[in-house]
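Worksheet: one structure, shown below.
All heavy atoms count here, side chains included; hydrogens, waters and symmetry mates do not. Proteins get letters first, then strands, A, B, ... in listed order; numbering begins at 1 in each.
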2 protein chains.
Amino acid sequence: MTIRAMESSKAMDGVGGSAVDGSRGTGGGKAVDGGGTRRQATRQKLYEAAVSLIAEQGFSATTVDEIAERAGVAKGTVYYNFASKSVLFEELLRHGVGLLTASLREAAERTAKDGGSKVDALDAMVRAGLVFIDRYPAFTQLYVAELWRTNRAWQSTLLVLRQEAVAVVERVLRDGVDSGELSEEIDVPLTAAALFGMVLVAALDWKAFQPERSLDDVHAALSRLLQGRVAGGR
Amino acid sequence: MTIRAMESSKAMDGVGGSAVDGSRGTGGGKAVDGGGTRRQATRQKLYEAAVSLIAEQGFSATTVDEIAERAGVAKGTVYYNFASKSVLFEELLRHGVGLLTASLREAAERTAKDGGSKVDALDAMVRAGLVFIDRYPAFTQLYVAELWRTNRAWQSTLLVLRQEAVAVVERVLRDGVDSGELSEEIDVPLTAAALFGMVLVAALDWKAFQPERSLDDVHAALSRLLQGRVAGGR
DNA sequence: CCTTTTGAACTGACTGGTCAGTGCAAAAAC
DNA sequence: GTTTTTGCACTGACCAGTCAGTTCAAAAGG
């Protein structure tokens, strides 16, 4: 009934886990990576807690105390790791959309390399979208909820990120039109948005109302909508 | 930009309960209709103010003071007319989704009466959806943002309303499959959700990023996605 | 070995501000 | 005369962000 999934990421070291290395930084800067395993783990926990809570309740209704509690961390730790609540959220968005964009791009390129048609590429991207939503349902939910909001601090960030993701779809559509594989009548930006929405909403409904169905099943249903006039009258 | 009045039926009496002296609902039967024009107008203004603000900022980030101010009304008036902020919002949702459902149903029935095919009916519903979003973009925005949220007071309300709307689309799809006009391979609930999402996202993108385009234009683009395999391999 | 030092990471009580909702007397509208 | 609206002061809860203090593993020193 509800979208419950964990934004599980690969198992990571537990709290007391191997302290592989201290970030005894030379140069005193904060090593973003390549050190600080402990900090990394904390940030990861905070991401996961924030994503699920904000997906459930929305940004404003989610308190920093709740985030800290779900992450199993003190409130001060949140502010030690992130400048503010909205900075935490913005980094979250950036990270999540980055994953999605990379995934779509990879799907398109893989298909091209394998000599697939543009429709095959679209189909592969639909699947990539489904896989993403299957893995990160809470993030997807949150993304949709915030996407068209105005008057928010991160609105411009979100716009840019959206454009990056949709551009991947548009690219494939345009190539298809140019090569004659797709009807030249199609409206590239609008069709891209429509496909995006089709996958998004269908997948959220899948997760929310028929979670027992398989990804293949859902993919097959969406594939049918892709065929037809869009594919140049086939 | 906003939702029209709530012309329909009995104007829930419990509203006045919390404010002002004991006009307790249980007492004598209150005139359901008695001279409500003024009050009606106030509620209308409050609806409009709330819809636009919540679409912009979200429910929690929108204050009652803001709603009152945008409506050009005193704060006390909000509470004279609605029991609470969330009741105001819930009535808003109910009313808006009701309009959408009625509009979809009307489109389907009109097409049937005119002897159109099921695909024609779907197409008419796509257009009805676009007309709705064109008229009430803020409401649509707000609806999408709240639809998959969990842990909210109005979640169950929203679920029921969503089902009513999607059911109209499912009905047409099922009839089409039964009559052989549509492929029996299609997955009715999933396809309905996908179509819903296609229109929703495409239309929001239209409003947000290419508002200069005409409704006919957008409708034509979406119609193409409807054709093809879904239409039974025509 | 063992002891001391260091400082990044973390903690949680506290603060200053915000906001939903109340109460009421008086004015306005009907 | 009744319903509706106004204006405003008030309260109690809640919450983002702060900060003085604690923890602890690794480095430095013996």
Position toward the 5' end of DNA chain D (nearest nucleotide), A:Ser86 or B:Ala74: B:Ala74
side-chain hydrogen bond (donor to acceptor under 3.5 Å, both in side chains) against B:Thr62, all qualifying residues, sequence neighbours excluded: B:Gln57
Nearest-0.5 Å distance that lies between atom OG1 in B:Thr111 and atom CG in B:Leu122: 9.0 Å
Short side-chain N/O contact to C:dC10 OP1/OP2 from A:Asn81, under 4.0 Å: yes
Contacting residues from residues 59-69 of chain B, given that a heavy atom lies under 4.0 angstrom of DNA chain D: none
Of all pairs that satisfy salt bridge (charged side-chain N to carboxylate O under 4.0 Å, His left out), the ones with a partner from residues 74-89 of chain A, not counting sequence neighbours: A:Asp65-A:Lys75
Within 6.0 angstrom of B:Arg70 CZ, more than 12 heavy atoms from elsewhere: yes
Extract from the structure each pairing of a protein N or O with an N or O of nucleotides 8-11 of chain D at less than 3.5 Å, listing the distance.
none

Whole-Å gap separating C1' (C:dA9) and OH (A:Tyr79): 17 Å
Phosphate OP1/OP2 of C:dA9: any A:Tyr80 side-chain N/O under 4.0 Å: yes
Sugar-phosphate only, base, or nothing, as touched by A:Val78 at under 4.0 Å among non-hydrogen atoms: nothing
CD (B:Glu69) with more than 12 external heavy atoms under 6.0 Å: no
Check residues 99-106 of chain B and write down every donor-acceptor pair under 3.5 Å in which the side-chain atom is one partner and the other belongs to a residue at least two apart or another chain.
{"residue": "B:Thr101", "atom": "OG1", "partner": "B:Val97", "partner atom": "O", "Å": "3.0"}
{"residue": "B:Glu106", "atom": "OE2", "partner": "B:Arg110", "partner atom": "NE", "Å": "3.4"}

Below 4.0 Å: OP1/OP2 of C:dC10 and any side-chain N or O of A:Thr42: yes
Atom-pair distance (CG on B:Leu46; P on D:dT6), nearest Å: 9 Å
Rounded distance in Å - CZ (B:Arg38) to C1' (C:dA29): 4 Å
Spacing of CZ belonging to A:Phe59 relative to CG belonging to A:Leu92, to within rounding of 0.5 Å: 10.5 Å
Value in whole Å for how far the P atom of D:dT6 lies from CZ of B:Arg39: 13 Å
Nearest-angstrom distance from the residue atom NZ of B:Lys85 to C1' of C:dT22: 17 Å
side-chain N/O B:Thr77 vs D:dT6 OP1/OP2, d < 4.0 Å: yes
Atom pair CG/CH2 of B:Leu215 and B:Trp206 - distance to nearest 0.5 Å: 4.0 Å
Listed partners of B:Gln210 passing side-chain hydrogen bond (donor to acceptor under 3.5 Å, both in side chains), at least two apart: B:Arg213
Separation of atom CZ in A:Phe82 from atom C1' in D:dT18, rounded to whole Å: 18 Å
